[in-house]
Amino acid sequence: MRTSPNIVVTGTPGVGKTTHCEMLAERTGLRHVSVNQIVKDKECHEGWDDEYQSWVVDEDKLLDALETEVENGGCIIDWHACDLFPERWVDLVVVLRVDTSTLYDRLKARKYPEVKLQENLDSEIMDVLLQEARDSYDENIVVELKSNTTDEMDSNVDRIEAWMSQWKKDNNKPLKDDEEGEREGDDK
């Protein structure tokens, strides 16, 4: 049984995933797991896509690379997708959203190729990642948060931190003698 939750922070590139994850890691002590970094460092890819200026991810290699770290809990998983992570790994999915004009400005500042910029704007407009999260996980663990301003980001981190505190209270209660027998029996 995990003593700390795993949280997936997802959303279209440019919504503030890494900023949120770094703030959460600093405030909660959970580990920030940057999937992009793992893809590069552990070569969980099939090569580079010149048109999109990104790695083509090998999802099987990626899951294998993440499994040991994530199974113990205490991870904030930072990536633009969530549906590949097994449901048993995930306690909360945070889908960050921004207004398309803000997203456009952020992606333009990153010098995204036009095709990649347009695809990400379309994804945000069509709620692709929000729907992916809702289709992949129990609706009770998926939350949509706005991330247009630093005030919204601070409020989001406060909210996630409060959720985490409640998760720990709910999941780390000492067992009463009669509950131990019931739980042991449930494993058989």
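Just so you know, these numbers come straight off a predicted model, no measurement behind them.
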Handout entry: Expected output: side-chain R31 to main-chain E69 donor-acceptor under 3.5 Å
Key = yes
Exercise for the section: Please tell me if the side chains of E51 and P113 come closer than 4.5 Å, counting only heavy atoms from C-beta onward. Expected result: no
Exercise for the section: Please say whether more than 12 non-hydrogen atoms of neighbouring residues, nucleotides or ligands are located less than 6.0 Å from CD in E43. Expected result: no
Handout entry: Pairwise side-chain contact, W163 with V143, heavy-atom cut-off 4.5 Å (strictly under)
Key = no
Problem - Within one Ile-Leu-Val-Met-Phe-Trp-Tyr cluster: Y137 and V9, side-chain cutoff 4.5 Å - result: no
Handout entry: Note: E144-R134 ion pair, threshold 4.0 Å (strictly below)
Key = yes
Problem - Beyond-backbone contact of H20 with V157, side-chain heavy atoms, under 4.5 angstrom - result: yes
Exercise for the section: Among T10, V8, I7, find the one that has a side-chain contact (heavy atoms from CB on, under 4.5 Å) with I77. Expected result: V8
Handout entry: Joint hydrophobic cluster, V142 plus V94, side-chain heavy atoms closer than 4.5 Å
Key = no
Fill in the blank from the handout: Distance col, row D58:CG vs D64:CG, nearest 0.5 angstrom, shows 8.5 Å
Handout entry: Residue pair Q37, D41: steps toward the side-chain hydrogen bond (donor to acceptor under 3.5 Å, both in side chains) verdict
Key = CA-CA 6 Å; Q37 198 61 51; D41 292 349; 3.0 Å; yes
Problem - Side chain proximity check, S4 to L30, heavy atoms < 4.5 angstrom - result: yes
Practice task
Check the surroundings of atom CZ in R159: do more than 12 heavy atoms from other residues, nucleotides or ligands lie under 6.0 Å from it?
Solution key: no
Exercise for the section: For the pair N6 (side chain) and W89 (backbone), establish whether a donor and an acceptor sit closer than 3.5 Å, ignoring hydrogens and angles. Expected result: yes
Completion exercise
Closest non-hydrogen contact found for P13 with N120 is CD-OD1, 3.1 Å
Handout entry: Within 6.0 angstrom of E139 CD, more than 12 heavy atoms from elsewhere
Key = no
Completion exercise
Between the CG atom in D154 and the CE atom in M23, the distance rounded to the nearest 0.5 Å is 4.5 Å
Completion exercise
Here the pair of heavy atoms bringing W48 nearest to D50 is CD1-OD1, 3.1 Å
Exercise for the section: Taking the side chain as every heavy atom from C-beta outward, state whether K146 and D99 have any atom pair closer than 4.5 Å. Expected result: yes
Exercise for the section: Considering only NZ, NE, NH1 and NH2 on the basic side and carboxylate oxygens on the acidic side, decide whether E67 and R88 come within less than 4.0 Å. Expected result: yes
Completion exercise
When every non-hydrogen atom of R106 is compared with those of V98, the smallest separation belongs to NH1-CG1, 3.4 Å
Problem - Check: K168 side chain, P5 main-chain N or O, donor-acceptor pair, under 3.5 Å - result: no
Practice task
Find out if a path of hydrophobic residues (ILVMFWY) with successive side-chain heavy-atom gaps under 4.5 Å connects L103 to V128.
Solution key: no
Practice task
Supply the atom-to-atom distance T19 OG1 to D78 CG, rounded to the nearest 0.5 angstrom.
Solution key: 9.0 Å
Exercise for the section: For V93 and F85, run side-chain contact (heavy atoms from CB on, under 4.5 Å): C-alpha distance rounded to whole Å, both residues' side-chain angles, the deciding distance at 0.1 Å, then the answer. Expected result: CA-CA 11 Å; V93 179; F85 303 119; over 6 Å; no
Handout entry: Which atom of S123 lies closest to which atom of L129, heavy atoms considered
Key = OG-CG, 4.2 Å
Practice task
Determine whether W79 and V57 make a side-chain contact, defined as any pair of heavy atoms from C-beta on separated by less than 4.5 Å.
Solution key: yes
Exercise for the section: Tell me, yes or no, whether the heavy-atom count around E46 atom CD, taken from other residues, nucleotides or ligands under 6.0 Å, exceeds 12. Expected result: yes
Exercise for the section: Could you please spell out the steps behind the side-chain hydrogen bond (donor to acceptor under 3.5 Å, both in side chains) verdict for N172 and T3? Expected result: CA-CA 6 Å; N172 293 318; T3 58; 5.3 Å; no
Problem - From L96 atom CG to C21 atom SG, the distance as rounded to the nearest 0.5 Å - result: 8.0 Å
Practice task
Give a yes or no answer on whether the side chain of E132 reaches the backbone of C82 with a donor-acceptor pair at less than 3.5 Å.
Solution key: yes
Problem - Short side-chain to backbone donor-acceptor contact, K17 and H80, under 3.5 Å - result: no
Practice task
Please report the shortest heavy-atom distance between I141 and V90, naming the atom on each side.
Solution key: CD1-O, 3.8 Å
Practice task
Of all the heavy-atom pairs spanning E124 and T100, show the shortest one and how long it is.
Solution key: CG-CG2, 4.5 Å
Handout entry: Within-4.5 Å side-chain heavy-atom neighbours: E114 and K108
Key = yes
Problem - CA sep, side-chain torsions, deciding dist, call: N156, E152, side-chain hydrogen bond (donor to acceptor under 3.5 Å, both in side chains) - result: CA-CA 6 Å; N156 293 343; E152 287 177 338; over 6 Å; no
Problem - Cluster overlap M164 with L24, hydrophobic side-chain contacts below 4.5 Å - result: yes
Handout entry: S34 OG to I76 CD1 distance, which is reported to the nearest 0.5 Å
Key = 12.0 Å
Handout entry: Working for side-chain contact (heavy atoms from CB on, under 4.5 Å), residues V33 and V70
Key = CA-CA 9 Å; V33 178; V70 174; 5.5 Å; no
Handout entry: Reported OG-to-CG distance for the pair S54 and N36, which is rounded to 0.5 angstrom
Key = 9.0 Å
Exercise for the section: Taking the side chain as every heavy atom from C-beta outward, state whether D91 and R2 have any atom pair closer than 4.5 Å. Expected result: yes
